[in-house]
Amino acid sequence: MAHGNGAKKAKSAKQPAQANAPGAEGAAGSPAPLTKSALKRMRLRAQKEAAEGGAPPAAPAPDASPPADPVSEASPPAAPASADTAPTPPPSDGATPRPASASETPSPAASSAASPLPGEEGAPAPFVFELNAKPTGYQLRGMMNLGNTCYQNAVVQALVASPPFLNLMKALPKNVKSPVLKELRHVIHGFRPGGVAGPIDARQLLHVMATRFKAAARGNHEDAGEFLISLLCSVEEELGVLCGLAAGGNKKKKAKKEGWETATKSGKSLGVEHATGAVAEKNPVNAIFGGQLSSRLATKNQKPSVTNQPFTGILPIDIINDRCGSVEACLQDYTAPQEVDNLTTGTAATKQTRFSRLPPILVLQLNRWGEEAGKLSKRLVVNPVLTIHPSATSDSRRCEYSLQAAVCHKGATKHSGHYTAVVRKSGKWALADDARIAEIPGVDAAAADPYLLFYAKAGR
């Protein structure tokens, strides 16, 4: 995975950010960005509190009275302030940070120590998950750039445009206490139809993620793919407890490198932590984003060997090959037979990786980062429909996916640039550039390179 962490600080309000600068704001009227030092202090305080068994402190937020319930209605946004002062954010509707008390935002350690697990005496009933891939209504809204947070904004926009995940967030209990689930649900609730207009402020989500996605505390331009993986891992962990799947101290383990080499076909490990076995199969994150690859190694005069490798989250796809002019062609190249050496016998062999299980939401990561931190700005054809041909599946079945969203990157390196999202809603496409929302003809009109592609399985 790429590690983008060398971008310059966001420009101040007195010196407008350039269009391609890291975290450039898409519209005026957003609050003053969080500085590196402020984010670092947030992370250090959170770690100290977690070590002492307390709760992480709330992110800095303007003085405001927190609403009794994040799902309550709010009044219209306030007028923007001048460029020399930080504007006052609008009232809470998923659009502003909610000052969190120690009881509201417990650390994972404090939560597990103070609250009984599902199934124990005094514990609430486990959350029952049912996969619902039916498209549901939501309102297009921008998101405030808090200072190099375009990567978080783009990922959240793409998740909202993915029906199974949006329906999962809507089905969560209103009083959910898990830190990441609570703040993510609050942010996503701001996209509800008929809600208050104006950009959403995801400051509290950034705060709780800073204790998990350590790079966020530096305040730099970060990799959207890494943030997505960290966010899904955190959601998976908290849902495991909420669903009663983690009772008994279920342990999480890092995927072995050799297994992920089979998954990525690039010799690199994703290093994704996820629950395993029956627990993973029942977890809502795995039910939505989890699939499985089957790698078959055939050597002459020997019985073929087959290795199955589950994957959850994103699937990296190489695009450097000249015959990869479209996403569909890249995927065909990924699943095509390859001539390799059998390291056990020292003889020639044929290896083919195919899908043995396809997820409801397939997220493809187009590998654009080179070894020297450069970027492969290759233009690819991104069709609204992705066909998985029978030769790419172990059961020889054809499958189709519809493109729901794309996280795009504009810039020269992984250490700088700007992320935007292109989302599909009611058959139309919209560009979400931080606080700015604009209708566009399609992904090709985003004027940026597609990086993460979110596909929904057809016929669900």
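Hydrogens, waters and symmetry mates play no part in the numbers below; they use all other heavy atoms, side chains included.
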Between [X] and [Y], is any side-chain donor less than 3.5 angstrom from a side-chain acceptor?
{"X": "Tyr455", "Y": "Gln404", "value": "no"}
{"X": "Asn220", "Y": "Asn148", "value": "no"}
{"X": "Gln352", "Y": "Ser295", "value": "no"}

If you look only at pairs with a residue in residues 345-366, which of them pass as a ring-ring contact (aromatic ring centres under 6.0 Å, His included), with sequence neighbours excluded?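 Applying ring-ring contact (aromatic ring centres under 6.0 Å, His included) to every pair that reaches into residues 345-366, excluding sequence neighbours, yields nothing.
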Under the ring-ring contact (aromatic ring centres under 6.0 Å, His included) rule, what pairs show up with a residue in residues 129-152, not counting sequence neighbours?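 Of all non-adjacent pairs touching residues 129-152, those that pass ring-ring contact (aromatic ring centres under 6.0 Å, His included) are Tyr151-Phe227.
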Could I get the full list of side chain to side chain contact (heavy atoms under 4.5 Å, CB included) partners for [X], not counting sequence neighbours?
{"X": "Ser305", "result": "Leu297"}
{"X": "Arg398", "result": "Thr387, His389, Pro390, Glu400"}
{"X": "Arg323", "result": "Asn321, Asp333"}
{"X": "Ser356", "result": "Gln292, Ser294, Asn308, Ser394"}

Minimum heavy-atom separation for [X] to [Y], with atom names?
{"X": "Gln157", "Y": "Phe191", "answer": "OE1-CE2, 3.5 Å"}
{"X": "Leu366", "Y": "Pro450", "answer": "CD1-O, 3.5 Å"}
{"X": "Arg424", "Y": "Ser402", "answer": "NH1-CB, 3.7 Å"}
{"X": "Gly244", "Y": "Pro126", "answer": "N-CB, 4.2 Å"}
{"X": "Ser416", "Y": "His409", "answer": "O-NE2, 2.9 Å"}
{"X": "Ala435", "Y": "Pro199", "answer": "CB-CB, 3.9 Å"}

Report yes if the side chains of Thr312 and Asn283 come closer than 4.5 Å at any heavy-atom pair, otherwise no.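 No, too far: nothing below the 4.5 Å cut-off.
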So do His418 and Asp433 actually touch side chain to side chain, heavy atoms under 4.5 Å?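 SC-SC contact between Asp433 and His418 confirmed.
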Answer yes or no: does atom NZ of Lys378 have more than 12 heavy-atom neighbours from other residues, nucleotides or ligands under 6.0 Å?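 Atom NZ in Lys378 is packed in, count exceeds 12.
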Count the heavy atoms of every other residue, nucleotide or ligand shown that sit under 6.0 Å from CD1 of Ile320, and state whether that count exceeds 12.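 Atom CD1 in Ile320 is not packed in, count stays at 12 or less.
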Are Glu238 and Arg185 ion-paired here, with the side-chain N under 4.0 Å from a carboxylate O?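 The answer is no: the pair does not qualify as a salt bridge.
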With respect to Thr350, which candidate in Lys300, Glu339, Gln338 satisfies the side chain to side chain donor-acceptor pair (under 3.5 Å) definition?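 So, applying the side chain to side chain donor-acceptor pair (under 3.5 Å) to Thr350 and each of Lys300, Glu339, Gln338, only Glu339 qualifies.
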